[in-house]
Amino acid sequence: MRIERAGRTRGARELLAHIRQHYGTIPAFAAQKGIDRIKLQKAIGGRIKRIDVEFAFEIERATGGQVLAAWWVPEPEP
């Protein structure tokens, strides 16, 4: 199942855009960067309530700083 819409955090939105632009698919990104694909899909889809700090920084490193760890903090609801 292809994820077309990211979860609510800026991290999810920016990571999905980064993956689509540079890797095409989530599995391709996960395989190339050595990241757990299932956890990655859950994070992008917004199915993980809180992203752990280690994972957030793993994503930041894997994207060369294009997706900041701080962007995984949920934005306050209006």
Side-chain angles (χ1 to χ4, degrees):
M1 175 176 78
R2 182 176 169 101
I3 297 174
E4 297 296 335
R5 188 164 184 224
R8 295 181 44 188
T9 64
R10 183 174 180 187
R13 294 188 308 269
E14 296 289 340
L15 179 56
L16 183 58
H18 178 83
I19 289 172
R20 294 290 185 242
Q21 181 179 5
H22 299 285
Y23 300 89
T25 67
I26 293 169
F29 175 79
Q32 187 167 347
K33 299 298 182 174
I35 296 173
D36 180 326
R37 178 185 57 85
I38 300 299
K39 186 172 184 177
L40 187 62
Q41 288 174 316
K42 287 180 179 181
I44 291 171
R47 295 187 317 237
I48 298 177
K49 296 253 186 221
R50 296 180 189 266
I51 302 297
D52 61 87
V53 173
E54 185 177 320
F55 183 73
F57 278 104
E58 182 179 11
I59 296 300
E60 186 172 314
R61 286 188 300 275
T63 61
Q66 296 297 305
V67 178
L68 301 178
W71 291 348
W72 292 97
V73 174
E75 297 168 2
E77 292 192 31

Heavy atoms of Ile26 and Ile19 approach each other most closely as N-CG2, 3.8 Å
Set of salt bridge (charged side-chain N to carboxylate O under 4.0 Å, His left out) partners for [X], sequence neighbours left out:
X	answer
Asp52	Lys39
Arg8	Glu77
Glu14	Arg10
Glu54	none

For [X], which residues count as a side chain to side chain contact (heavy atoms under 4.5 Å, CB included) partner, sequence neighbours excluded?
X	answer
Ala62	Phe29, Lys33, Ile35
Pro27	Thr25, Arg37
Gln66	His18, Thr63
Ala12	Ala6, Thr9, Trp72

Sorted by chain and number, sequence neighbours left out, side chain to side chain donor-acceptor pair (under 3.5 Å) with Glu4 holds for Arg2
CG (Leu15) and CZ (Arg20) are apart, to the nearest 0.5 Å, by 10.0 Å
In short, salt bridge (charged side-chain N to carboxylate O under 4.0 Å, His left out) pairs touching residues 56-73 with sequence neighbours left out are none
Apart from Val53 itself, members of its ILVMFWY cluster (side-chain separation under 4.5 Å) are Phe57
message: Are the side chains of Gln41 and Ile44 in contact, using a 4.5 Å heavy-atom criterion?
response: no
